[in-house]
Asks: 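Let me give you the structure first, and then I'll get to my questions.
When a residue number appears, it is its place in the shown sequence, counting from 1. Excluded from the calculations below are hydrogen atoms, water molecules and symmetry mates; all remaining heavy atoms, backbone and side chain alike, are included. Treat the numbers as computed from the prediction; the structure is a model and nothing was measured.
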Amino acid sequence: MKLRYLPLLALALAACSSPSKPAEQAAATSPDARFDAFKNHFIEAFWQQNPDYASSQGYHRYDSLLLIPNAAQRQADAAFVAKSLASLSGFGLDSLSPNNQIDLRLLRNELLSERWYADTLKGWQWNPAGYNLGASVGDLLNGRHFPLARRLRNISDKISHAAAYYAAAQANLSNPTKEHTALGIKQNLGGLEVFGAALADSVRKSGLSEGEKKTLTDRIAATRAAVQGYVAFLQKQVLPAGQFRSFRIGKTLFEQKFAYDIQSHFTAAEIYQEAQHHKAALLHDMGRRAARLFPKYFPGQKAPADTLALITTVVNQLTLKHAPRDGFVEAVKRQIPTLVVFVNEHKLLTQDPSKPLVVRETPLYMRGSGAGASVSAPGPYDKGANTYYNVEPLPADWTPAQAESYLREYNDYTLQILNIHEAIPGHYTQLVYANRSPSLVKSIFGNGAMVEGWAVYAERMMLESGYGNNSDEIWLLWDKWNLRSTLNTIIDHAIQVDNASEKEVVTMLMRDGFQQEAEARGKWLRATLSQVQLSSYFTGYTEIYALREELKRKEGQRFDLRKFNEQFLSYGSAPVKYIRELMLGTAGREAK
Ligand code: ZN
Ligand code: ZN
């Protein structure tokens with residue numbers, strides 16, 4: 001995610017200054033060519049304004065920049081946004097290709113949302129965790145794009161302003177939330193590690209001159225002092241003063257944030273209703289399937305009368321089937337070809353055999369995040385690189401009980417659903433399609449709800465097409481899996497808007513979601529620190545599924561699933577509401 005708290009650099013968005021180039025002669029005549037030229041200028045300017053975000057996306061021209069988060073910076077940012085919005089208004093939506101129509105709307109949303117974050121949500125006032133030099137310096141140090149000496153020179157320039165950076169941070173804070181203050185302390189203490197022994201060691205063995213080494217070593221010491229000063233300010237002044245605001249942002253801000261972050265044609269309130277409804281439907285389906293499965297697994301025994309107890313009993317039985325501790329990665333590897341064949345045989349979409357997915361053990365430097373499997377996609381500036389499916393072997397130091405609990409969570413049924421979600425035809429397949437209509441704007445400002453929604457939709461679409469033989473077992477475990485993202489949406493709203501307490505939320509997740517207490521408490525914590533993000537999976541999924549059903553009704557006999565899937569994916573990682581307009585042929589009619 002973009003780090004919204006980042007201050008933006010004063011910078012005039014240069015107009016095309018070399019009108020003699022051929023591309024810009026075409027600009028005089030074709031709106032699309034003119035818009036393409038605008039996008040290139042805009043993105044370069046945007047990177048200069050957001051150097052940390054640029055580095056994280058593989059654009060390393062501004063690695064050495066550190067922006068000071070003060071009022072002057074915020075004014076410069078406002079000016080940049082105003083100027084860019086004015087430029088955007090010079091393009092008529094109807095005059096552009098569908099691809100560019102979406103890009104124009106993504107850019108407009110991005111700019112309006114930047115102003116809303118700065119002027120209305122104002123996280124820069126209440127989120128002390130928004131300031132952390134350790135995180136960005138750590139990324140620069142560990143990156144592989146430049147040789148060590150060059151990385152260290154960039155770091156040296158960047159941290160030379162550490163004191164001013166943290167002074168501005170301190171001045172910005174006013175009545176922060178208690179939760180984000182605790183997080184700011186924890187993360188900045190973690191960030192201090194970046195400026196510790198490993199960095200000093202890198203400096204010593206680098207090819208920097210003695211003078212450069214001395215300068216950098218002094219700057220590291222000054223940065224450590226600045227971080228420590230900030231942590232002390234939070235611990236000794238902010239915490240004892242006790243002047244906190246609530247972490248709950250309330251109904252108005254939540255609805256606005258939902259609109260900017262998700263860009264759905266549903267409102268937050270509508271999605272909340274939809275999630276409640278979907279939760280009831282999932283529980284009903286689970287009860288029905290558990291009742292059918294009980295006699296198969298517990299012949300001659302009496303089923304629990306309580307439906308939730310019955311579901312728990314059957315789920316606990318099914319999760320006993322799982323990969324062996326040392327065979328987890330192998331189990332994933334074996335499933336991928338099966339998924340490829342199934343998608344082909346059932347004509348769900350056309351796959352590109354020239355872009356194989358490389359399954360590998362998660363590299364050591366990426367381990368430990370708790371994600372058992374993830375897809376590493378090449379960034380927008382590194383398109384030719386491999387796409388990896390990283391699967392993490394179980395840590396050797398886990399106790400047998402820890403390992404068993406993990407293996408049961410990713411049992412034989414759920415593991416297949418996970419592979420569909422992450423790989424085929426989920427995230428990996430979506431990415432291959434997105435790369436075919438390359439748009440830097442969609443790579444940089446792409447819609448997370450669409451990306452996650454597609455992966456969840458892909459799970460259901462595979463099962464509906466007969467993957468897993470339509471068995472009660474796989475559907476029951478899909479229901480449980482899907483219940484998690486549904487409940488994420490419910491608690492996000494319940495906590496941020498309706499004041500739900502920790503006790504209410506944890507009880508609900510354990511009882512209705514069949515979650516362990518540790519998972520439920522972790523979810524509560526996450527829901528106090530973020531807003532709307534937890535709602536993105538379910539919202540994207542709901543929108544995609546609803547769009548498919550809408551087209552099915554319209555097209556009747558003519559509806560073709562493969563055609564739907566391929567057309568849907570052809571627009572890249574765009575908000576579902578814009579894809580919907582294009583697929584329904586209503587582009588441009590709704591609000592610009
Ligand atoms: Zn076991
Ligand atoms: Zn996902």
Asks: Has Glu270 got a side-chain atom pairing as donor or acceptor with Thr267's backbone, closer than 3.5 angstrom?
Replies: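 It does hold such a pair.
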Asks: Give a yes or no on whether the backbone of Phe342 and the side-chain of His346 come within a donor-acceptor separation of less than 3.5 Å.
Replies: yes
Asks: Do Tyr260 and Glu110 have side-chain atoms, one donor and one acceptor, less than 3.5 Å apart?
Replies: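 There is no such pair (donor and acceptor under 3.5 Å, judged by atom type) between the side chains of Tyr260 and Glu110.
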Asks: Quick one, Leu483 with Met286, criterion side-chain contact (heavy atoms from CB on, under 4.5 Å). Give me CA distance, side-chain angles, the key distance, then yes/no.
Replies: CA-CA 10 Å; Leu483 194 52; Met286 291 178 88; 4.1 Å; yes
Asks: Between Asp285 and Trp475, is any side-chain donor less than 3.5 angstrom from a side-chain acceptor?
Replies: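 Not at all, the side chains of Asp285 and Trp475 share no donor-acceptor pair under 3.5 Å.
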Asks: For Tyr541 and Tyr545, take the angle between the two ring planes, folded into 0 to 90°, and tell me which bin it lands in: parallel under 30, tilted 30 to 60, perpendicular over 60.
Replies: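 Taking Tyr545 first and then Tyr541, their aromatic rings sit tilted (interplane angle of 30° to 60°).
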Asks: Compare every heavy atom of Phe564 with every heavy atom of Ile544, then report the nearest pair and how far apart it is.
Replies: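 Residues Ile544 and Phe564, closest heavy atoms: O-CZ, 4.2 Å.
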Asks: State, to 0.1 Å, how close Gln402 and Trp398 come at their nearest heavy-atom pair, and which atoms those are.
Replies: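 Taking every non-hydrogen atom into account, OE1-CA, 3.3 Å.
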Asks: Taking the basic N atoms (NZ, or NE/NH1/NH2) and the acidic carboxylate oxygens, is any pair closer than 4.0 Å for Glu581 and Lys577?
Replies: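 Judged by the 4.0 Å cut-off on N to carboxylate O distance, Glu581 and Lys577 do not form a salt bridge.
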Asks: Between Asn470 and Leu463, does a side-chain contact (heavy atoms from CB on, under 4.5 Å) hold up when you go through it step by step?
Replies: CA-CA 6 Å; Asn470 218 7; Leu463 265 56; over 6 Å; no
Asks: Consider side chain to side chain contact (heavy atoms under 4.5 Å, CB included). Of Leu348, Leu349, Val340, which one does Thr429 pass it with?
Replies: Leu349
Asks: Run the side-chain hydrogen bond (donor to acceptor under 3.5 Å, both in side chains) test on Asn482 and Tyr537 for me, step by step, so that the C-alpha distance in whole Å, both residues' side-chain angles and the decisive distance to 0.1 Å come before the verdict.
Replies: CA-CA 10 Å; Asn482 192 252; Tyr537 294 63; over 6 Å; no
Asks: How about His322 and Phe328: do any of their side-chain heavy atoms sit closer than 4.5 Å?
Replies: no
Asks: Does Phe233 reach the side chain of Leu173, with side-chain heavy atoms less than 4.5 Å apart?
Replies: yes
Asks: Considering only NZ, NE, NH1 and NH2 on the basic side and carboxylate oxygens on the acidic side, decide whether Glu409 and Arg484 come within less than 4.0 Å.
Replies: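 Yes.
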Asks: Go through the side-chain N and O atoms of Asp261 and Tyr117 and say whether any donor and acceptor fall under 3.5 Å apart.
Replies: yes
Asks: Apply salt bridge (charged side-chain N to carboxylate O under 4.0 Å, His left out) to residues Lys251 and Glu255 and explain how you reach the verdict.
Replies: CA-CA 6 Å; Lys251 184 174 164 60; Glu255 288 184 348; 3.0 Å; yes
Asks: Would you say that Leu234 contacts Val231 through its side chain, given a criterion of any heavy-atom pair below 4.5 Å between the two side chains?
Replies: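 A side-chain contact under 4.5 Å is absent here.
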Asks: So which atom in Asn390 and which in Ser376 form the shortest heavy-atom distance, rounded to 0.1 Å?
Replies: ND2-OG, 2.7 Å
Asks: Would the distance check show the side chain of Asp472 and the main-chain N or O of Arg289 forming a donor-acceptor pair, the cut-off being under 3.5 Å?
Replies: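 Not confirmed, Asp472 side chain does not pair with Arg289 backbone.
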Asks: Side chains of Gln516 and Ser405: do they bring a donor and an acceptor to under 3.5 Å?
Replies: no
Asks: With the side chain counted from C-beta on, respond yes when Met508 and Ile490 share a heavy-atom pair under 4.5 Å apart, and no when they do not.
Replies: yes
Asks: For the pair Gln496 (side chain) and Ile249 (backbone), establish whether a donor and an acceptor sit closer than 3.5 Å, ignoring hydrogens and angles.
Replies: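 At least one qualifying donor-acceptor pair exists.
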Asks: Say whether, by atom type as modelled, one donor and one acceptor occur between the side chain of Asn411 and the main chain of Thr414 under 3.5 angstrom.
Replies: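 At least one qualifying donor-acceptor pair exists.
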Asks: Knowing that exactly one of Gln335, Glu459, Lys333 qualifies, which makes a side chain to side chain donor-acceptor pair (under 3.5 Å) with Asn419?
Replies: Gln335
Asks: Between Arg245 and Ser174, is there a donor-acceptor pair closer than 3.5 Å when you use the side chain of the first and the backbone of the second?
Replies: yes
Asks: A side-chain contact here means heavy atoms from C-beta on lying under 4.5 Å apart; do Val315 and Phe514 qualify?
Replies: no
Asks: Treating Glu543 as the side-chain partner and His265 as the backbone partner, does any N or O pair qualify as donor plus acceptor under 3.5 Å?
Replies: yes
Asks: Are any non-hydrogen side-chain atoms of Ser374 and Tyr389 less than 4.5 angstrom apart?
Replies: no
Asks: Tell me whether Glu464 is salt-bridged to Arg548, with the criterion being a basic N under 4.0 Å from an acidic carboxylate O.
Replies: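 Result for this pair is yes, salt bridge flagged.
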Asks: Drop me the distance from Ile579's CD1 to Leu547's CG, to the nearest 0.5 angstrom.
Replies: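 Rounded to the nearest 0.5 Å, the CD1-CG separation comes out at 8.5 Å.
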Asks: For the residue pair Tyr457 and Trp454, categorise the inter-ring angle as parallel (less than 30°), tilted (30 to 60°) or perpendicular (more than 60°).
Replies: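 Judged by the thresholds at 30° and 60°, the geometry between Tyr457 and Trp454 is tilted.
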Asks: Pick one: which of Trp126, Phe244, Phe247 meets ring-ring contact (aromatic ring centres under 6.0 Å, His included) with His180?
Replies: Trp126
Asks: Going through the checks in order, is the side-chain hydrogen bond (donor to acceptor under 3.5 Å, both in side chains) test met by Tyr131 and Asn172?
Replies: CA-CA 10 Å; Tyr131 307 102; Asn172 284 344; 3.1 Å; yes
Asks: Go through Leu394 and Leu407 one step at a time and tell me if the side-chain contact (heavy atoms from CB on, under 4.5 Å) criterion holds.
Replies: CA-CA 9 Å; Leu394 274 62; Leu407 291 165; 3.8 Å; yes
Asks: Should we say atom CD of Glu555 is surrounded by more than 12 heavy atoms from elsewhere, each under 6.0 Å from it?
Replies: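 Atom CD in Glu555 is packed in, count exceeds 12.
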Asks: Is the closest side-chain donor-acceptor distance between His421 and Glu452 under 3.5 Å?
Replies: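 There is such a pair between these side chains.
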Asks: Tell me whether the count of non-hydrogen atoms from other residues, nucleotides or ligands lying under 6.0 Å of CG in Asn469 goes above 12.
Replies: no
Asks: For the residue pair Ser530 and Asp492, what are the closest heavy atoms and their distance?
Replies: O-OD1, 4.4 Å
Asks: Scan side-chain atoms only and decide if Asn488 and Ser485 contain a donor-acceptor pair under the 3.5 Å cut-off.
Replies: no
Asks: Identify the two heavy atoms, one from Ala323 and one from Asp412, that lie closest to each other, and give their separation to 0.1 Å.
Replies: N-OD1, 3.6 Å
Asks: When the ring planes of His493 and Tyr272 are compared, do they come out parallel, tilted or perpendicular, using 30° and 60° as the limits?
Replies: parallel
Asks: Near Lys321 NZ, under 6.0 Å, is it more than 12 heavy atoms from other residues, nucleotides or ligands?
Replies: no
Asks: Within the side chain of Thr362, is there an N or O that forms a donor-acceptor pair under 3.5 Å with the backbone of Glu392?
Replies: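 Such a contact is found between Thr362 side chain and Glu392 backbone.
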Asks: Verify the ring-centre separation between His278 and Phe538: is it less than 6.0 angstrom?
Replies: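 Between Phe538 and His278, the centre distance is under 6.0 Å.
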Asks: Please examine the side chains of Leu561 and Asn565, heavy atoms only from C-beta on, and report whether any two atoms are closer than 4.5 Å.
Replies: yes
Asks: Heavy atoms, side chains only, cut-off 4.5 Å: are Arg511 and Leu308 in contact?
Replies: yes
Asks: So with a 6.0 Å cut-off around CD of Glu550, is the heavy-atom count from everything else above 12?
Replies: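 Yes, the 6.0 Å shell around CD holds more than 12 heavy atoms from other groups.
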Asks: Does the cation-pi check pass for Arg526 over Trp524, that is, NZ or CZ under 6.0 Å from the six-membered ring centre and within 45° of its axis?
Replies: no
Asks: Less than 4.0 Å between a side-chain N and a carboxylate O, is that true for Arg248 and Glu179?
Replies: no
Asks: Nearest heavy-atom pair of Pro395 and Arg325: which atoms, and what distance?
Replies: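 Reported closest heavy-atom pair: O-NH2, 3.0 Å.
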Asks: Are any side-chain N or O atoms of Asn127 and backbone N or O atoms of Ala129, one a donor and one an acceptor, separated by less than 3.5 Å?
Replies: yes
Asks: Can you check side-chain contact (heavy atoms from CB on, under 4.5 Å) on Ser471 and Ile474, steps first, answer last?
Replies: CA-CA 6 Å; Ser471 70; Ile474 199 157; 3.6 Å; yes
Asks: Does Asn447 use its side chain to pair, donor to acceptor, with the backbone of Met450 at less than 3.5 Å?
Replies: yes
Asks: Identify whether the distance between the nearest side-chain nitrogen and carboxylate oxygen of Lys296 and Glu473 falls below 4.0 Å.
Replies: yes
